[in-house]
Amino acid sequence: MSDRETQPVERQLPTDEARDLLALVRDIAQREIAPKAAEEEDAGRFPREVFTLLSEAGLLGLPYDPEHGGGEQPYEVYLQVLEELAAARLTVGLGVSVHTLASYALATHGTKQQQVEHLPAMLGGGLLGAYCLSEPSSGSDAASLRTRAVRDGDDWVLSGTKAWITHGGIADFYTVMARTGADGPRGITAFLVPGDAEGLSAAAPEKKMGLKGSPTAQVHLDGVRVADERRIGEEGQGFAIALSALDSGRLGIAACAIGVAQAALDQAVSYATERRQFGHPIADFQGLRFLLADMATQIEAGRALYLAAARLKDAGRPFAKQAAMAKLHCTDTAMRVTTDAVQVLGGYGYTADFPAERYMREAKVLQIVEGTNQIQRMVIARHLAGPESR
């Protein structure tokens, strides 16, 4: 059964340049990413050549300063690029979001010399980054991390294990949060660690239910020595940098979630308008029409929510609460919509002949990464009612 051609999402973009950019992204997604997505995800293959292409096209540093190879695009535009990429293949959309997250610390808190030396290669030189905060014993409670950095002359020596690292083992650079002081959030410092540093290694990638083309692995630091000039920000500032990065990163996850949900809706509509039962397309039956209408409404609401948060960020206003809301709502929406898409396809939805089952498996992880949705609810509640009294 052939797919009905889907129409591009109607987007409100601030400039003609942004419209041209989205058209370029959509063309790359349709030509270079989507056609191979199912086969490569099934094989667990990471499309490094796609990231090289995106880097050459200037798409790996969109929200950052053009002086260092960035695209100087507002988050309102950058997130819609992520959505288009994730709709074609989540491994790519999420990978760009993680790379942007990994570049955040240096781009926003690095010295001028650090930025001149490292950012051009990170943003437009074909490099790929990873963000290292979580550990085997500290996920949601990230402030209890144990990876330690000890000062040795003009160097730091890093030892510990990071967990659930996207691009672990294949990244060219790692933004690593390590303990340089006492227990708690004020004893953590950020470092830029080269991917080929002596003593850095990665475990075998995790075997996951979805997102199989995106390697997720533990990263081991066994006496990794880095110069003090690779310390990002002040000593003890690392946790604040990490949380600031996550506020922006959560918007990336929200946009990726809406991309997956949109792809699932497009698949469901295509199938429902072609599949005939009782002499009619199944899209004629009210129960299914209402289901499609609900799916589309949830997606539009999610898109509006993440864009509203992005516009706050672009205006320099606080957006942490709205970022948590967007991550919560958009990823829950992706889970509901992809599950409903499988239902629309019936038995075919449960087979690998159609991508609906892959979208459903991929949506689940988005409710977990970069702060579980339970953590997002805690963040939102703290903005509303203040910290918990204990």
Side-chain angles (χ1 to χ4, degrees), residues 64-65 98 100-119 122 129-165 171 173-195 197 199-200 218-250 313 316 318-321 323-324 370-371 375 378-379 382-383 386-388 390:
Y64 295 128
D65 193 332
V98 167
T100 304
L101 180 69
S103 303
Y104 177 93
L106 191 68
T108 59
H109 290 80
T111 65
K112 186 69 174 177
Q113 181 177 347
Q114 287 175 324
Q115 292 173 348
V116 169
E117 183 176 354
H118 299 294
L119 274 182
M122 291 165 61
Y131 178 82
C132 299
L133 177 62
S134 294
E135 297 183 2
S137 60
S138 62
S140 296
D141 183 16
S144 67
L145 65 82
R146 298 178 181 176
T147 294
R148 183 162 290 278
V150 178
R151 189 71 180 256
D152 183 18
D154 292 333
D155 295 340
W156 293 87
V157 180
L158 280 64
S159 299
T161 297
K162 294 296 183 178
W164 309 111
I165 306 304
F173 66 91
Y174 295 82
T175 297
V176 178
M177 305 300 163
R179 187 164 302 285
T180 56
D183 291 345
R186 295 183 181 178
I188 297 170
T189 302
F191 296 90
L192 182 66
V193 180
L200 186 149
Q218 289 191 353
V219 173
H220 304 299
L221 300 112
D222 184 12
V224 174
R225 183 176 292 271
V226 296
D228 184 57
E229 63 192 31
R230 282 183 169 265
R231 170 177 49 84
I232 305 173
E234 301 297 328
E235 291 183 41
Q237 193 182 7
F239 194 67
I241 293 173
L243 293 186
S244 178
L246 285 174
D247 285 339
S248 299
R250 284 166 181 163
K313 174 177 169 57
F319 69 100
K321 178 182 71 173
E370 295 193 26
I375 291 295
M378 290 174 61
V379 171
R382 285 172 184 166
H383 279 277
E388 301 89 337
R390 294 180 182 176

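FYI, side chains are in, hydrogens and waters are out, and symmetry mates aren't considered; it's all heavy atoms of this structure.
With rounding to the nearest 0.5 angstrom, the NE2 atom of His109 is 10.5 Å from the CD atom of Gln115. Here OG1 of Thr175 is found 8.0 Å from CG of Leu101. Values are rounded to the nearest 0.5 Å. Residue Glu117 holds its CD atom at 11.5 Å from CE of Met122, rounded to the nearest 0.5 Å. Between Phe173 atom CZ and His118 atom NE2 the span is 10.5 Å, to the nearest 0.5 Å. Going from atom CD of Glu234 over to atom OG1 of Thr189 covers 9.5 Å, rounded to the nearest 0.5 Å. In this structure, the separation between CG on Asp155 and CZ on Arg230 is 11.5 Å, given to the nearest 0.5 Å.
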Original post:
side chain to side chain contact (heavy atoms under 4.5 Å, CB included) between Ser138 and Arg146: does it pass, once the steps are laid out?
Top reply: CA-CA 8 Å; Ser138 62; Arg146 298 178 181 176; over 6 Å; no
Subject >> Steps toward side chain to side chain contact (heavy atoms under 4.5 Å, CB included) verdict (Arg382, Glu388) >> reply: CA-CA 7 Å; Arg382 285 172 184 166; Glu388 301 89 337; 3.0 Å; yes
Subject >> Test log, rule side chain to side chain contact (heavy atoms under 4.5 Å, CB included), inputs Tyr64 and Tyr104 >> reply: CA-CA 9 Å; Tyr64 295 128; Tyr104 177 93; 3.5 Å; yes
**OP:** Check step by step if side chain to side chain contact (heavy atoms under 4.5 Å, CB included) holds for Val226 and Leu192.
**Re:** CA-CA 8 Å; Val226 296; Leu192 182 66; over 6 Å; no
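Nearest heavy-atom pair, Gly129 versus Val98, reported as atom, atom and distance to 0.1 Å: O-CG1, 4.2 Å. Ile165 and Ala130 make their closest contact through CG2-CB, 3.8 Å (heavy atoms, listed as atom of the first residue, atom of the second, distance). Residues Gly184 and Arg179 share a closest heavy-atom pair of O-NH1, 2.8 Å. Tyr174 and Gly195 make their closest contact through CE1-CA, 3.7 Å (heavy atoms, listed as atom of the first residue, atom of the second, distance). Nearest heavy-atom pair across Val193 and Ala197 is CG1-CB, 4.1 Å. The two residues Ile232 and Gly110 make their nearest non-hydrogen contact at CG2-N, 4.2 Å.
Judged purely by atom type and a 3.5 angstrom limit, Arg225 has no side-chain atom pairing as donor or acceptor with the backbone of Ala227. Between the side chain of Glu229 and the main chain of Asp154, no donor-acceptor pair closer than 3.5 Å is present. Checking side-chain atoms of Arg250 against main-chain N and O of Glu370 turns up a donor-acceptor pair under 3.5 Å. At distances below 3.5 Å, not a single donor-acceptor pair connects side-chain atoms of Lys162 with backbone N or O atoms of Leu221.
Only one option out of Thr180, Asp228, Val157 pairs with Arg151 in a side chain to side chain contact (heavy atoms under 4.5 Å, CB included); it is Asp228.
A 4.5 Å side-chain heavy-atom check between Leu246 and Leu133 finds at least one atom pair inside the cut-off.
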